[in-house]
Undergrad: 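Sharing a structure with you now.
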Amino acid sequence: MNGTIDVPKIKECKRAVDTMKTMQRSQMMNVHVAEKNVEAARLKLNEVMMERKTHERLKEQAFEVFKQEMQYAENKEIDELVSYTYHEGMTETR
């Protein structure tokens with residue numbers, strides 16, 4: 001081997017490597033925390049989506065019931081009008 005060994009430079013590089021390893025571990029921990037947060041947010045989103053779908057189904061069912069009630073009321077009104085008109089025609093012919 002030829003040349004000189006620069007001990008302070010070697011120590012500086014070793015500290016830099018150690019610092020990078022520490023930063024890497026810290027970043028890995030941050031990634032792990034972020035993954036947990038993402039999973040929690042995904043679960044919450046799934047729950048909210050299920051509630052939304054349930055509310056939509058209930059809303060649709062309520063609207064169908066409302067339409068049936070309106071149809072019943074219209075049919076009843078039409079029957080009353082037909083009945084009234086029919087009875088009017090019967091009383092005029094007598």
Side-chain angles (χ1 to χ4, degrees):
M1 294 183 90
N2 292 337
T4 61
I5 297 177
D6 189 2
V7 176
K9 183 73 172 174
I10 293 172
K11 287 183 180 180
E12 179 184 338
C13 289
K14 185 174 178 351
R15 279 194 304 268
V17 168
D18 289 342
T19 302
M20 291 302 284
K21 285 181 180 179
T22 303
M23 290 172 61
Q24 183 182 13
R25 280 190 218 107
S26 174
Q27 189 64 25
M28 287 176 69
M29 290 172 47
N30 289 342
V31 167
H32 184 69
V33 168
E35 286 174 345
K36 283 185 175 183
N37 291 340
V38 166
E39 182 64 19
R42 186 187 65 77
L43 292 174
K44 187 175 179 181
L45 178 64
N46 283 345
E47 183 180 322
V48 169
M49 290 298 291
M50 286 183 0
E51 287 180 15
R52 181 177 148 245
K53 287 181 182 181
T54 302
H55 285 203
E56 285 177 1
R57 281 192 218 115
L58 291 173
K59 186 178 175 182
E60 288 172 5
Q61 290 173 357
F63 184 64
E64 289 299 321
V65 168
F66 172 75
K67 287 191 329 188
Q68 290 175 355
E69 289 173 354
M70 291 302 293
Q71 185 66 38
Y72 176 77
E74 286 178 16
N75 289 344
K76 184 176 177 183
E77 191 174 318
I78 290 170
D79 288 346
E80 289 173 356
L81 287 172
V82 169
S83 177
Y84 178 75
T85 305
Y86 178 75
H87 288 300
E88 281 291 314
M90 293 298 284
T91 55
E92 289 178 4
T93 57
R94 287 189 184 173

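Numbering of residues begins at 1 and proceeds along the displayed sequence. Only a predicted model underlies this, so the values are computations on that prediction, with no experimental measurement involved.
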Undergrad: Is Gln71 close to Lys67 at the side-chain level, that is, under 4.5 Å between some pair of heavy atoms?
TA: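 Not touching, per the 4.5 Å side-chain cut-off.
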Undergrad: Would you indicate whether the side-chain heavy atoms of Met50 and Asn46 approach each other to under 4.5 Å?
TA: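 The answer is no; the side chains never approach within 4.5 Å.
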Undergrad: Roughly how far, to the nearest 0.5 Å, is NZ of Lys9 from OG1 of Thr4?
TA: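 One finds 12.5 Å between OG1 of Thr4 and NZ of Lys9.
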Undergrad: Around atom CD of Glu39, are there more than 12 heavy atoms of other residues, nucleotides or ligands at under 6.0 Å?
TA: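 Enclosed: over 12 neighbouring heavy atoms sit under 6.0 Å from CD of Glu39.
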Undergrad: Is the CG atom of Leu43 crowded by more than 12 outside heavy atoms at less than 6.0 Å?
TA: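 Yes, enclosed.
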Undergrad: Could you tell me the separation between the OG1 atom of Thr54 and the CD atom of Glu56, rounded to the nearest 0.5 Å?
TA: 9.5 Å
Undergrad: State the CG-NE2 distance between Asn30 and His32, to the nearest 0.5 angstrom.
TA: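 Output value for this atom pair is 11.5 Å.
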Undergrad: Above 12 or not: heavy atoms from other molecules or residues under 6.0 Å from CZ of Arg52?
TA: no
Undergrad: Do Lys59 and Phe63 have side chains that get closer than 4.5 Å, going by heavy atoms?
TA: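 Result no, sub-4.5 Å side-chain heavy-atom pair not found.
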Undergrad: Show me the donor-acceptor pairs within less than 3.5 Å that the side chains of residues 17-29 make with the rest of the protein, sequence neighbours left out.
TA:
{"unit_1": "Thr19", "atom_1": "OG1", "unit_2": "Arg15", "atom_2": "O", "d": "2.8"}
{"unit_1": "Thr22", "atom_1": "OG1", "unit_2": "Asp18", "atom_2": "O", "d": "2.9"}

Undergrad: Once rounded to the nearest 0.5 Å, what's the spacing between atom NZ of Lys76 and atom CD1 of Ile78?
TA: 13.5 Å
